[in-house]
Structures are given as C-alpha cells and as structure tokens.
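Just so you know, residue 1 is the first one in the sequence shown, and it goes up from there.
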Amino acid sequence: STAINVGGLKPREWLALRRMGVTTTAALSAVDPEDPEFFEAYFPEVANLSRDQACARLVKAIVRAHMICDGIEIARDGNGPVVVPEADIEIDLDIESDIENRVYMWGVRVRRRRDESTGYYLADFVEWQPLTDASERELAARFAAWLREQCEAAAAAGQSVLVFHWSDVERSRLASLLGMAEVGDLIDPDTGIFVDLVKVFNANFISLRGSSIKKVAPNFGFTWRAADPGGAISQTYLAKVRNSADPEEVASAKDWLLTYNEDDNAAMAAIRDGMRNWDS
C-alpha cells in the first residue's frame, strides 16, 4: 500500500486484499479484475462500496501496481488517439500569487496552432509591489482587456483562440476579481475559451505520482530551467523583490520568477503536444 501513494485504496480495501493473500505490489499486479471468483470473494469485504465503485477502485490500483512493476510513470487510460482541444491561437496562462494570496502576475505564453517554434512569452501583466484590492483588480482587468483584444483580432482574421490553464484557479480568480458580468464571455464553462488542461490529462491518462504539472510535464520531455521550481520557493524570491535594497538581487529575483512562470506555461504546451502525439 505504501508504494501506491496516489489513487490508492482505503485501509479496509487493503486489508481485504491481504486476507486474500495479495500482500505485495507484484501480487496485486497479477490480479485479474475480471475474474468473477476473485471479485465475489473480495466484494463482501468492502461492501461499504457499491459493486461498481469497488471494481473501479480495484482496477485502478491494479493498473498502478502494473506501472510500478514495469517502471512506468504515466499510462494511457483508454484507447485510440487523445483528443485535445486546439485553436489557431493557443494561449497558455499561469498566475502567481503572493503570500497574502493576491495575484501579482498573469503570465502568458502565446503560439500558433501546434507550432512550438512560434511561441513567445509576455511578462506585461505583473505588479511587483504589494497589492491592494484595487490594484489587484486593475491588474486582472488589464489582462482581460488584452485577452479580449486577442480574441477580437483573431475573429477578424477568421481564427480561433483558446486559453489553457492547469486546474481551475486561473478561471476562478478572474471570475472572483472581475465578476462574471465582465468576463463571463471568456471564462464561462460552456461558452468561453478557457480549457482546464489537467481535466483533459486526467480523462486520458493515469499518473503514478499524481497530476501536479511538475510531476506530469517531465513525462512529456519537459524540464524547468530553475533547479528548484515551486510555488513555495517562489515566495522567497518575491520577498527579495519587494524587500531587498540590492538592485542586483532584485533583478536576479525578478528573472527567476519570470523564468519560472514562463516554464510553467511552456510545460502546458509540451504536455498538450505530447498528449496529441501519444499514439503517433
């Protein structure tokens, strides 16, 4: 059970397997989830679950046991090509927040459809000094205005636009800061242009280490330039930007933060391409 630390089973399920002689990861990988005799012996031990729940959870655990035994970090969950939304203009978006959870950066990377050579990063929507309610909203409004300009220009040229983000925080923060009346046309789940890329990934793949972008992107060949990328360490660099009296230290900290954010965005593009080419 300790080997499967993401998407594992509950103690009652592990104990049921142990009572049936399944005591190692290798033994779990050898279980046939379609064996009716095995499942009929297993299910009464986990009757707090429905049959469908118990079967689905067991199957996922068996798949992860296979992955551990075979040294596989991600595996296809399903068959056929992976369908990933795409557009003529693909915008990757990643926000950065300070220790007070105010969004001080709306990091953007833009490229043409599937053409990584056209990608470029914009650091136009960042405020390094401490934010107020008003300045945080103003920064978000500047980003939203820029995004609407991109949509209008693309529409005039007969082109489409999609904005990709990892988890729902970018969309939800834009809604909370500006309100659906102002940005609903951009972020509405049914009619907007925002795509939660982690949902696309989770619908098509099983990840042994979870679906954090830092865990997923390396499996598609992406590496961060920073040796220690992460949201927590970024707060130490932001503190240097805001508090240091050394201009060189401030400049270096800003460079680290922008590079880190740019790579978070580039990682999404790499995952997108990797998923599209999975069966190629």
Side-chain angles (χ1 to χ4, degrees), residues 87 89-112 116 118-131 135-151 161-178 183 186-187 192-198 200-201 212-218 220 222-242 250-273:
I89 307 297
E90 298 185 343
I91 299 173
D92 290 295
L93 171 65
D94 182 64
I95 62 172
E96 304 292 346
S97 301
D98 63 18
I99 199 169
E100 296 180 344
N101 201 32
R102 292 191 183 276
V103 181
Y104 70 89
M105 184 188 302
W106 296 81
V108 174
R109 189 174 186 270
V110 185
R111 74 173 196 180
R112 307 293 298 180
E116 184 59 20
T118 64
Y120 63 93
Y121 177 70
L122 289 177
D124 295 352
F125 311 108
V126 57
E127 176 54 63
W128 296 115
Q129 295 309 308
L131 294 156
S135 60
E136 186 183 19
R137 283 195 300 270
E138 191 276 332
L139 182 61
R142 283 203 292 118
F143 163 71
W146 172 86
L147 181 56
R148 189 165 279 108
E149 289 174 0
Q150 307 312 300
C151 293
V161 176
L162 284 177
V163 177
F164 296 91
H165 52 101
W166 198 263
S167 83
D168 194 52
V169 64
E170 281 74 18
R171 192 195 68 82
S172 63
R173 290 306 297 273
L174 203 58
S176 65
L177 287 168
L178 300 180
V183 294
L186 299 173
I187 65 174
I193 61 171
F194 277 49
V195 176
D196 189 346
L197 197 60
V198 72
V200 179
F201 174 79
S212 159
I213 194 170
K214 302 299 191 303
K215 300 294 185 182
V216 172
F220 292 99
F222 187 83
T223 57
W224 275 256
R225 284 171 286 178
D228 51 354
I233 193 69
S234 73
Q235 296 300 329
T236 66
Y237 287 94
L238 182 61
K240 292 177 183 179
V241 170
R242 290 179 171 178
V250 170
S252 177
K254 286 181 178 180
D255 181 68
W256 189 97
L257 289 164
L258 292 172
T259 299
Y260 165 63
N261 182 263
E262 180 180 0
D263 283 356
D264 274 358
N265 281 295
M268 284 188 279
I271 293 170
R272 217 158 49 245
D273 291 341

Original post:
Which distance, rounded to the nearest 0.5 Å, do you find between the CG of Leu147 and the CG of Leu93?
Top reply: 8.0 Å
Subject >> Partners meeting side chain to side chain contact (heavy atoms under 4.5 Å, CB included) with Asp168 (sequence neighbours left out) >> reply: His165, Arg171, Ser172, Asp196
Original post:
Residues two or more places apart in sequence or in another chain: which of them pass salt bridge (Lys or Arg N to Asp or Glu O under 4.0 Å) with Arg109?
Top reply: Glu116
Subject >> Close side-chain approach of Val216 to Val198, heavy-atom, < 4.5 Å >> reply: no
Original post:
Taking the side chain as C-beta and beyond, is there a heavy-atom pair between Arg272 and Asp92 under 4.5 Å?
Top reply: yes
Subject >> Side chains of Glu90 and Met268 in contact at under 4.5 Å (non-hydrogen atoms) >> reply: no
**OP:** Specify the closest pair of heavy atoms between Asp273 and Arg111, including all atoms of both residues, with the distance to one decimal.
**Re:** OD1-NH2, 2.7 Å
Subject >> side chain to side chain donor-acceptor pair (under 3.5 Å) partners for Asp98, two or more places apart >> reply: Arg242
Original post:
So do Glu96 and Leu238 actually touch side chain to side chain, heavy atoms under 4.5 Å?
Top reply: no
Subject >> Heavy-atom closest pair, residues Pro218 and Trp224 >> reply: CD-CZ3, 4.2 Å
**OP:** Output all residues satisfying ring-ring contact (aromatic ring centres under 6.0 Å, His included) with Trp146, sequence neighbours left out; order by chain, then residue number.
**Re:** Phe125
**OP:** Report the C-alpha distance between Ile271 and Val200 in whole Å, list the side-chain angles of each, state the deciding distance to 0.1 Å, and finish with yes or no for side chain to side chain contact (heavy atoms under 4.5 Å, CB included).
**Re:** CA-CA 10 Å; Ile271 293 170; Val200 179; over 6 Å; no
Original post:
Do you know which two heavy atoms are closest between Phe220 and Ala270, and how far apart they sit?
Top reply: CB-O, 4.0 Å
Subject >> Min side-chain heavy-atom separation Val103-Leu139 under 4.5 Å >> reply: no
Original post:
Quick check: does any side chain N or O of Gln235 sit under 3.5 Å from a backbone N or O of Ser97, one acting as donor and the other as acceptor?
Top reply: yes
Original post:
Is it true that atom NZ of Lys214 has more than 12 heavy atoms of other residues, nucleotides or ligands lying nearer than 6.0 Å?
Top reply: yes
Subject >> Note, Trp128 side chain near Leu257 side chain (heavy atom, < 4.5 Å) >> reply: yes
Original post:
Rounded to the nearest 0.5 Å, how far apart are CD of Glu138 and CG of Leu178?
Top reply: 10.5 Å
**OP:** For Leu258 and Tyr121, work out which heavy atoms get closest and say how close.
**Re:** O-OH, 3.7 Å
Original post:
Sequence neighbours excluded, which residues qualify as ring-ring contact (aromatic ring centres under 6.0 Å, His included) partners of Trp256?
Top reply: Tyr237, Tyr260
**OP:** Can you sort out the partners of Trp106 under ring-ring contact (aromatic ring centres under 6.0 Å, His included), two or more places apart, ordered by chain and number?
**Re:** Phe143
Original post:
Should Gln150 and Ile89 count as side-chain neighbours, where that means a heavy-atom distance under 4.5 Å?
Top reply: no
Subject >> Closest non-hydrogen atom pair, Asn101 against Glu136 >> reply: O-OE2, 4.1 Å
Original post:
Backbone N or O of Arg225 within a donor-acceptor pair of the Asp263 side chain at under 3.5 Å?
Top reply: yes
**OP:** Work out which heavy atom in Ile187 is nearest to a heavy atom in Ala175; give both atom names and the distance.
**Re:** CD1-CB, 3.5 Å
Original post:
Below 4.0 angstrom, N of the basic side chain to O of the carboxylate: do Glu127 and Arg102 qualify?
Top reply: no
Subject >> Any donor-acceptor pair under 3.5 Å from Ser135 side chain to Leu131 backbone >> reply: no
**OP:** Could you tell me whether the side chain of Asn261 reaches within less than 4.5 Å of the side chain of Met105, counting heavy atoms only?
**Re:** yes
**OP:** Indicate whether the side chain of Asp94 and that of Asn265 have a donor and an acceptor atom separated by less than 3.5 Å.
**Re:** no
